[in-house]
Amino acid sequence: MAAIIAAAMANLSAALNSLASTTVVDFLRPIVRAGKPDDDTALLRWARAATVIWALVLVAIGIVARHWGSVLESGLSIASITLGLLLGVFMLGVLTRRVGQNAASFGVVAGLATIIYVRVFTPDRMDLVGADWQCDYFCCRIFCIMV
């Protein structure tokens with residue numbers, strides 16, 4: 001039992017560390033310290049605060065997720081949205097020669113809007129096998145024609 005708890009704590013610690021590190025290094029440091037030398041003590045305080053904030057966010061998600069049903073179904077549902085968008089951008093890069101940042105961003109927004117529309121406004125969305133993939137592919141194809 002102790003080994004299972006230790007493994008879970010190590011996994012959670014790694015996730016919180018990654019989230020806090022990314023928040024501080026990629027987002028906060030460029031904003032807060034633009035043009036100033038890095039102050040390691042201040043960055044450490046920001047990282048500790050980010051760790052606490054991310055822990056609270058993850059606990060809130062855990063509390064809300066109790067009402068989502070099966071863990072596998074919920075995980076695959078979330079993954080289908082995010083990985084479908086990634087697939088759309090990948091296909092955009094593979095199928096076209098010149099792709100700009102604005103073009104890829106527009107494709108992601110169009111794909112996300114289509115997926116949300118299918119999930120919210122389609123009554124029998126569980127019967128649509130691969131609906132997320134089809135929405136992303138459709139938006140990617142439209143976008144490739146526009147470019």
> Is it true that a side-chain atom of Ser18 and a backbone atom of Ala14 form a donor plus acceptor pair closer than 3.5 Å?
Replying inline: yes

> Who pairs with Thr51 by side-chain hydrogen bond (donor to acceptor under 3.5 Å, both in side chains), at least two apart in sequence or on another chain?
Replying inline: none

Nearest 0.5 Å please: distance from the [atom1] atom of [X] over to the [atom2] atom of [Y].
{"X": "Ile53", "Y": "Thr23", "atom1": "CD1", "atom2": "OG1", "result": "8.5 Å"}
{"X": "Trp54", "Y": "Asn17", "atom1": "CH2", "atom2": "CG", "result": "13.5 Å"}
{"X": "Leu43", "Y": "Leu28", "atom1": "CG", "atom2": "CG", "result": "9.0 Å"}

Atom of [X], atom of [Y] and distance for their closest heavy-atom approach:
{"X": "Leu85", "Y": "Leu112", "result": "CD2-N, 3.5 Å"}
{"X": "Ala47", "Y": "Ala20", "result": "O-CB, 3.7 Å"}
{"X": "Pro30", "Y": "Val24", "result": "CD-O, 4.5 Å"}

> Are Leu12 and Leu19 co-members of a hydrophobic cluster defined by side-chain heavy atoms under 4.5 Å apart?
Replying inline: yes

> With clusters built from Ile, Leu, Val, Met, Phe, Trp and Tyr whose side-chain heavy atoms come within less than 4.5 Å, directly or transitively, what are the remaining members of the cluster of Val52, listed by chain and number?
Replying inline: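 Besides Val52, the hydrophobic cluster comprises Leu56, listed by chain and residue number.
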
>> Through direct or indirect side-chain contacts below 4.5 angstrom among Ile, Leu, Val, Met, Phe, Trp and Tyr, which residues connect to Ile63?
In response: Val59

